[in-house]
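Numbers here are sequence positions counted from 1. Every heavy atom of this structure was used, including side-chain atoms; hydrogens, water molecules and symmetry mates were not.
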Amino acid sequence: MGFGDLKSAAGLRVLNDFLADKSYIEGYVPSQADIAVFEAIAGPPPAELFHALRWYNHIKSYEKQKASLPGVKKALGKYGPADVEDTTGAATDSKDDDDIDLFGSDDEEESEEAKKLREERLAQYESKKSKKPAVIAKSSILLDVKPWDDETDMAKLEECVRSIQADGLVWGSSKLVPVGYGIKKLQIQCVVEDDKVGTDMLEERITAFEDYVQSMDVAAFNKI
């Protein structure tokens, strides 16, 4: 299994197809598997590989917390689709004729039979992946929005927050939570599409209402 060379266009295409119905490399939360693959990529995938780009930007937001993410890093070849050969290792053992790298270097000499088999396997792989429906990755986020003091109009503050509209953003329930000295914070739920709306954008838009908002924090973040 593997992605091939993730610094090549072919490898990034395999990653993009792999993430068409997944939010993460393994499981349902960011883990060391995502960090291992992320660090193997030279930079952001091109815009047309939108599944890979969405995942890349999402994992990049965990850069400061990457050491605390769950799991243990494995060799890069332990991740990815089972029907793509791992080409990341340094091993140079001889391979059977049937064990052909789908994305081998163009400089390598190969027989016509091997070339034909490689192209057939690649066509089968692309055909299988193209039939999978695209899955929209979403997250449920609970935000804490803090006012300046106990004289802040909390109804107006919430009105300002809910006035923020964006494609992929849906506001949910809210409540006021006491924080001390007569001050209450607004706790509000929202659901976002991961590749369209991020917490950085929400913070920038919410704290722009500086007459009412002192700060915004993410109280909870869950994939759905």
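Hydrophobic clustering, with ILVMFWY side chains joined whenever heavy atoms are under 4.5 angstrom apart, groups L15 together with Y62. Under the 4.5 Å side-chain heavy-atom criterion for Ile, Leu, Val, Met, Phe, Trp and Tyr, W148 and L186 are members of distinct hydrophobic clusters. No continuous path of ILVMFWY side-chain contacts below 4.5 Å connects L142 to Y28, so the two sit in separate hydrophobic clusters. Tracing side-chain contacts under 4.5 Å through hydrophobic residues (I, L, V, M, F, W, Y), one never reaches V161 starting from V191; they form parts of separate clusters. V179 and L176 are not part of a single hydrophobic cluster, where members link through side-chain heavy atoms under 4.5 Å apart.
Here OG of S8 is found 7.5 Å from CZ of R13. Values are rounded to the nearest 0.5 Å. The structure places CD of E159 at 4.0 Å from NZ of K156, a figure rounded to the nearest 0.5 Å. Going from atom CZ of F50 over to atom CG of D195 covers 8.5 Å, rounded to the nearest 0.5 Å. Atom CD1 of I183 sits about 10.0 Å away from atom CE of M154, to the nearest 0.5 Å. Expressed to the nearest 0.5 Å, how far NE2 of H51 lies from CZ of F18 amounts to 13.0 Å. With values rounded to the nearest 0.5 angstrom, T199 atom OG1 is found 10.5 Å from I206 atom CD1.
A donor-acceptor pair is defined here as one N or O able to donate and one able to accept, closer than 3.5 Å; such a pair exists between the side chain of D149 and the backbone of T152. The closest donor-acceptor contact from the side chain of D217 to the backbone of A219 lies at 3.5 Å or more, if one exists at all. Put simply, the side chain of R54 never gets that close to the backbone of I136: no donor and acceptor are under 3.5 Å apart. Although no hydrogens or angles enter the test, the distance criterion places no donor-acceptor pair under 3.5 Å between the side chain of Y79 and the main chain of F3.
The two residues V145 and L157 have their closest heavy-atom pair at CG1-CD2, 3.8 Å. Here the shortest heavy-atom pairing between L6 and L12 reads O-CD2, 3.5 Å. Among all heavy-atom pairs drawn from I141 and L143, the shortest one is CG2-CD2, 3.5 Å. The shortest non-hydrogen separation linking V218 to M216 is CG2-CE, 4.2 Å. Taking both residues in full, the closest heavy atoms of D150 and G182 are given as CB-O, 3.5 Å, listed atom of the first, atom of the second, then distance. Between A52 and N16 the shortest heavy-atom distance is N-OD1, 2.9 Å.
Side-chain contact check for S31 versus I25: every heavy-atom pair is 4.5 Å or farther apart. For the pair W55/D34, a side-chain contact is recorded, criterion being any heavy-atom separation below 4.5 Å from C-beta on. Considering only heavy atoms from C-beta on, I164 comes within 4.5 Å of F209 through its side chain. Put simply, the side chain of C190 reaches to within 4.5 Å of the side chain of L202, judged on heavy atoms. In this structure, Q165 and L169 have side chains that are not in contact, with every pair of non-hydrogen atoms separated by 4.5 Å or more. At a threshold of 4.5 Å between non-hydrogen side-chain atoms, the residues P30 and Y24 count as touching.
Under the side chain to side chain donor-acceptor pair (under 3.5 Å) criterion, E39 pairs with K66, K73, not counting sequence neighbours. With sequence neighbours excluded, no residue forms a ring pair (Phe, Tyr, Trp, His ring centres under 6.0 Å) with Y212.
More than 12 heavy atoms of other residues, nucleotides or ligands sit less than 6.0 Å from atom CD of E48. Within 6.0 Å of the CD atom in Q65, the count of heavy atoms belonging to other residues, nucleotides or ligands exceeds 12.
Sequence neighbours left out, the pairs with a member in residues 170-185 that pass side chain to side chain donor-acceptor pair (under 3.5 Å) are D144-K185, E158-S174, R162-S174.
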